[in-house]
Amino acid sequence: MRSGKTKGKGVTITMDKIKALRYRIAPLEMSPSEFRRAGYHLVDQVAELLCTLPERPVAPNESPTALRDLLGTHSLPEQGRDASSLLDEAVDLLFDHSVFNGHPRFMGFITSSAAPIGALSDLMAAAVNPNVGASLLAPMATEIESQVISWIAELIGYPTGCGGLLVSGGNMANCICFLTARKAKADWDVRTVGMHTETSRRLRVYTSLETHTWIQKAADMYGLGTESIRWIPVDEALRMDTSALRIQIQADLAEGDLPFLVVGTAGTVSTGAVDPLPELAAICREYGLWFHVDGAYGALAAMLLDGGDIEVPTILRGIREADSVAVDPHKWLYAPLEAGCALVREPGLLRDAFSYHPAYYNFDEDSTATINYYEYGPQNSRGFRALKVWLALRQAGREGYAGMISDDIQLAQELYRLVKIQPELQVFTQSLSITTFRYVPPDLTPGSRESEHYLNVLNAELLTRLQKSGEAFLSNAVIGGAFVLRACIVNFRTMLEDIEALPGIIIRIGSQVDTAIRPAELKDEERNTR
């Protein structure tokens with residue numbers, strides 16, 4: 001018998017173990033017939049889910065405790081189980097206890113209905129399981145991602161020769177552009193010596209009060225601190241005030257700080273407002289600042305600028321002048337989560353910000369034709385996010401996407417019209433595919449401090465009950481201190497009948513909440529005014 005010992009431990013490998021290793025069958029393996037049987041059955045179940053979505057509640061009304069009870073024991077099972085039965089169990093758990101952003105009446109957060117081809121793409125990508133960090137490990141996947149980057153740039157009118165990569169979502173796409181800007185604009189070797197040296201100056205970032213919270217995370221993670229952010233006021237349309245921006249830049253220069261980055265938003269989260277991007281680009285050129293556009297939501301509406309049957313803000317053309325842009329395919333390209341995209345005009349600046357070449361990497365790093373995405377962002381190991389985006393772009397084409405985005409915007413505009421004619425509903429804003437409004441009881445007059453406070457409480461409770469009802473799913477915004485309901489349509493399954501039903505649902509639930517919670521003093525006040 002030939003035996004071997006692991007170095008220093010004296011463990012003998014027996015003949016039985018050698019035989020087991022020779023004919024190894026791992027617990028996670030499935031035979032081709034098992035995989036086919038389980039896979040075909042799962043695809044049937046997913047297809048049934050998709051066709052029955054309109055009849056299902058948008059969201060469950062269940063407590064976290066109840067959901068945990070469904071999962072059963074908290075201890076990891078000692079013995080494994082059959083894959084098919086586990087898949088069936090997971091189907092029951094997910095299909096009966098999830099919030100469905102693919103439901104036609106999901107109009108909440110900017111998370112789109114996911115294209116079915118994307119679900120199949122994720123299966124294919126997981127089966128091949130390429131590591132899209134280096135071209136050597138993922139030759140075809142790397143080229144597909146490169147083509148996706150070029151196509152997304154083309155859709156929004158950005159240079160197709162730009163650099164870029166796919167990431168988890170808008171937060172990470174914006175953060176990658178932020179760090180690239182920091183490296184490009186700092187006048188010292190920030191990658192080597194860090195943020196605070198004898199020669200460094202306080203870096204300053206400029207963005208509007210409506211900007212998404214990613215900006216705080218980026219300033220925190222990358223060593224600037226959130227006090228480095230200059231929050232610029234907005235105008236009545238909730239767009240950045242460029243006069244205030246210019247004044248703040250000049251004041252910071254006078255203090256010896258180093259302004260380096262202006263962030264304009266193409267479609268704010270709360271209302272879909274678009275900052276005056278061409279003006280911001282001009283200011284950045286004047287002062288030598290990096291111009292970044294957070295277009296995670298709205299940048300893709302720029303494809304409607306040149307043709308189409310609907311008007312979109314022409315200031316979206318300013319995207320073309322940006323040094324970097326963030327776009328989310330899992331928003332208005334209807335890709336399954338996760339799929340964000342960072343675009344940078346000069347590809348070499350991405351490598352300057354992220355590339356390191358350790359001795360244990362033996363990749364083709366010198367060839368200009370080779371793309372190694374570990375040099376373009378923080379991840380070394382990267383999944384194949386691009387496949388689901390690439391296949392959906394090819395399935396729908398530019399024309400198909402223009403039509404779907406146009407439909408979403410027109411449905412939001414129709415909701416605005418329907419809300420405006422309802423006495424019990426007060427409309428606030430409409431931009432891109434976001435409409436905001438609130439419920440106001442017919443016998444209550446807005447305006448006083450007491451009534452405004454009550455309306456905020458009322459609409460917050462209305463929203464909670466609406467979400468729990470499963471009839472529709474909206475989110476909220478706060479505009480001028482008012483808590484308002486927010487409908488955002490990035491959903492190719494939403495139809496006119498869903499929009500037409502929404503005001504009635506809101507009014508019914510709002511009336512019920514008002515009856516249940518209105519303070520006595522407000523009831524008396526309104527009674528006395530009649």
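Index from 1, following the sequence. Values reported hereafter were calculated over all heavy atoms of this structure, with side chains retained and with hydrogens, waters and symmetry mates removed.
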Checklist entry - Which side chain to side chain donor-acceptor pair (under 3.5 Å) pairs, counting each pair once, include a residue from residues 122-139, with sequence neighbours left out? => result none
Checklist entry - Under a 4.0 Å N-O cut-off, is there an ion pair linking R201 with D257? => result no
Checklist entry - Hey, is the main chain of I176 close enough, under 3.5 Å, to the side chain of T180 for a donor-acceptor pair? => result yes
Next on the checklist: So, taking the atom named CD1 in I489 and the one named CD1 in I499, what distance separates them when rounded to the nearest 0.5 Å?
Outcome noted: 3.5 Å
Next on the checklist: Using 30° and 60° as the class boundaries, would you call the ring planes of W332 and Y297 parallel, tilted or perpendicular?
Outcome noted: tilted
Item to check | Straight-line distance of H330 NE2 to K388 NZ, nearest 0.5 Å | outcome: 9.0 Å
Checklist entry - What are the two closest heavy atoms between L316 and A302, and how far apart are they? => result CD1-N, 4.0 Å
Next on the checklist: Check R202 with E255, please: is the shortest side-chain N to carboxylate O separation under 4.0 Å?
Outcome noted: no
Item to check | Y158 and L155: CA distance, side-chain angles, deciding distance, side chain to side chain contact (heavy atoms under 4.5 Å, CB included) verdict | outcome: CA-CA 8 Å; Y158 203 61; L155 285 174; over 6 Å; no
Checklist outcome for this item: In short, D328 meets G340 closest at the heavy-atom pair OD1-CA, 3.4 Å
Checklist entry - Can E414 and R417 be counted as an ion pair, charged N to O under 4.0 angstrom? => result yes
Next on the checklist: Between S98 and L94 (side chain of the first, backbone of the second, donor and acceptor by atom type, cut-off under 3.5 Å), is there such a pair?
Outcome noted: yes
Next on the checklist: Can a donor-acceptor pair be found, under 3.5 Å and without considering hydrogens, that links the side chain of S208 to the backbone of E210?
Outcome noted: yes
Checklist entry - Parallel, tilted or perpendicular: which fits the ring planes of F473 and F109, with parallel below 30° and perpendicular above 60°? => result tilted
Checklist entry - Considering residues, nucleotides and ligands other than Y222, do more than 12 of their heavy atoms fall under 6.0 Å from its OH? => result yes
Checklist entry - After noting the C-alpha distance and the side-chain angles of S113 and N491, does the key distance pass the side chain to side chain donor-acceptor pair (under 3.5 Å) rule? => result CA-CA 5 Å; S113 49; N491 191 332; 3.1 Å; yes
Item to check | Distance in Å, S324 OG paired with D294 CG, rounded so as to fall on 0.5 Å steps | outcome: 10.0 Å
Item to check | Point-to-point distance, once rounded to the nearest 0.5 Å, from CG of N372 to CZ of R351 | outcome: 10.0 Å
Next on the checklist: Restricting to non-hydrogen atoms, name the atom on S475 and the atom on R486 that form the minimum distance, rounded to 0.1 Å.
Outcome noted: OG-NH1, 2.7 Å
Checklist entry - Would a distance-only check, ignoring hydrogens and angles, find a side-chain to backbone donor-acceptor pair under 3.5 Å from K331 to G298? => result no
Item to check | Stepwise side chain to side chain contact (heavy atoms under 4.5 Å, CB included) test for L463 and L474 | outcome: CA-CA 7 Å; L463 179 62; L474 303 187; 4.1 Å; yes
Checklist entry - For Y206, is the NZ or CZ atom of R230 found under 6.0 angstrom from the centre of its six-membered ring and inside 45 degrees of the ring axis? => result no
Next on the checklist: Would N456 and E452 count as a side chain to side chain donor-acceptor pair (under 3.5 Å) here? Give the steps.
Outcome noted: CA-CA 6 Å; N456 285 350; E452 287 299 318; 5.8 Å; no
Checklist entry - Of all residues at least two apart in sequence or in a different chain, which pass the side-chain contact (heavy atoms from CB on, under 4.5 Å) check with V128? => result P130
Checklist entry - Is the side chain of R382 donor-acceptor paired with the backbone N or O of G377 at a distance under 3.5 Å, no angle test? => result no
Checklist entry - What's the shortest heavy-atom distance between P116 and R493, and which atoms? => result CG-NH2, 4.0 Å
Checklist entry - Under a 4.5 Å cut-off applied to non-hydrogen side-chain atoms, are L261 and H292 in contact? => result yes
Checklist outcome for this item: Between F492 and the options Y401, Y334, F106, the ring-ring contact (aromatic ring centres under 6.0 Å, His included) test singles out Y334
Checklist entry - Is H212 close to V269 at the side-chain level, that is, under 4.5 Å between some pair of heavy atoms? => result yes
Checklist entry - Is any side-chain heavy atom of V293 less than 4.5 Å from a side-chain heavy atom of E321? => result no
Item to check | Side chain to side chain, L349 and E346, heavy atoms closer than 4.5 Å | outcome: yes
Next on the checklist: For M221, I'd like to know if atom CE has over 12 heavy atoms of other residues, nucleotides or ligands within 6.0 Å.
Outcome noted: yes
Next on the checklist: Looking at H97, I'd like to know if its NE2 atom is crowded, meaning that more than 12 non-hydrogen atoms belonging to other residues, nucleotides or ligands lie closer than 6.0 Å.
Outcome noted: yes
Checklist entry - What pair of heavy atoms forms the shortest contact from P503 to L425, and how long is it? => result CB-CD1, 3.9 Å
Checklist entry - Does the separation of the ring centres of Y374 and F354 fall below 6.0 angstrom? => result no
Contacts under 3.5 angstrom, residues 160-169 side chains, donor-acceptor by atom type, not counting sequence neighbours:
none

Item to check | Working for side chain to side chain donor-acceptor pair (under 3.5 Å), residues S150 and E154 | outcome: CA-CA 6 Å; S150 177; E154 180 183 340; 5.3 Å; no
Item to check | Short N-O contact, K183 and D352, less than 4.0 angstrom | outcome: no
Checklist entry - Does a sphere of radius 6.0 Å around CD in E311 hold more than 12 heavy atoms from other residues, nucleotides or ligands, not counting ones at 6.0 Å or beyond? => result no
Next on the checklist: I'd like to check S406 versus M404 (side-chain heavy atoms, cut-off strictly below 4.5 Å). Are they in contact?
Outcome noted: no
Checklist entry - Can you find a heavy atom in the side chain of I152 that is under 4.5 Å from one in the side chain of P329? => result yes
Checklist entry - Hey, what do you get for CD1 (I371) to OH (Y376), rounding to the nearest 0.5 Å? => result 5.5 Å
Checklist entry - Can you tell me how far the OG atom of S200 sits from the CG atom of D189, to the nearest 0.5 Å? => result 12.0 Å
Next on the checklist: Which residues pass the side chain to side chain donor-acceptor pair (under 3.5 Å) test with Q413, not counting sequence neighbours?
Outcome noted: none
Item to check | NZ/NE/NH1/NH2 to OD/OE distance under 4.0 Å, E145 and R385 | outcome: no
Checklist entry - When you look at Q250 and R246, which way does the side chain to side chain contact (heavy atoms under 4.5 Å, CB included) test go after all the steps? => result CA-CA 6 Å; Q250 291 171 347; R246 185 183 295 276; 3.8 Å; yes
Next on the checklist: Do L485 and L462 have side chains that approach each other closer than 4.5 Å (heavy atoms only, starting at C-beta)?
Outcome noted: yes
Item to check | Sidechain N-carboxylate O distance under 4.0 Å for D306, R317 | outcome: yes
Checklist entry - Would E279 and M240 satisfy side chain to side chain contact (heavy atoms under 4.5 Å, CB included), going step by step from the backbone distance to the final call? => result CA-CA 10 Å; E279 288 184 64; M240 191 190 300; over 6 Å; no
Checklist entry - Does the Q379 side chain pair with the main chain of S381, one donor and one acceptor, at a distance under 3.5 Å? => result yes
Checklist entry - Does any pair with a residue in residues 260-277 pass side chain to side chain donor-acceptor pair (under 3.5 Å), and if so which ones, sequence neighbours excluded? => result T268-T271
Next on the checklist: Enumerate the salt bridge (Lys or Arg N to Asp or Glu O under 4.0 Å) contacts for residues 165-179, please, sequence neighbours excluded, ordered by first and then second residue.
Outcome noted: none
Checklist outcome for this item: Closest non-hydrogen contact found for L455 with P446 is CD1-CB, 4.0 Å
Next on the checklist: Can you confirm whether or not the ring centre of F428 sits under 6.0 Å from the ring centre of F437?
Outcome noted: no
Checklist entry - Side chains of L289 and I249: does their closest heavy-atom pair fall under 4.5 Å? => result yes
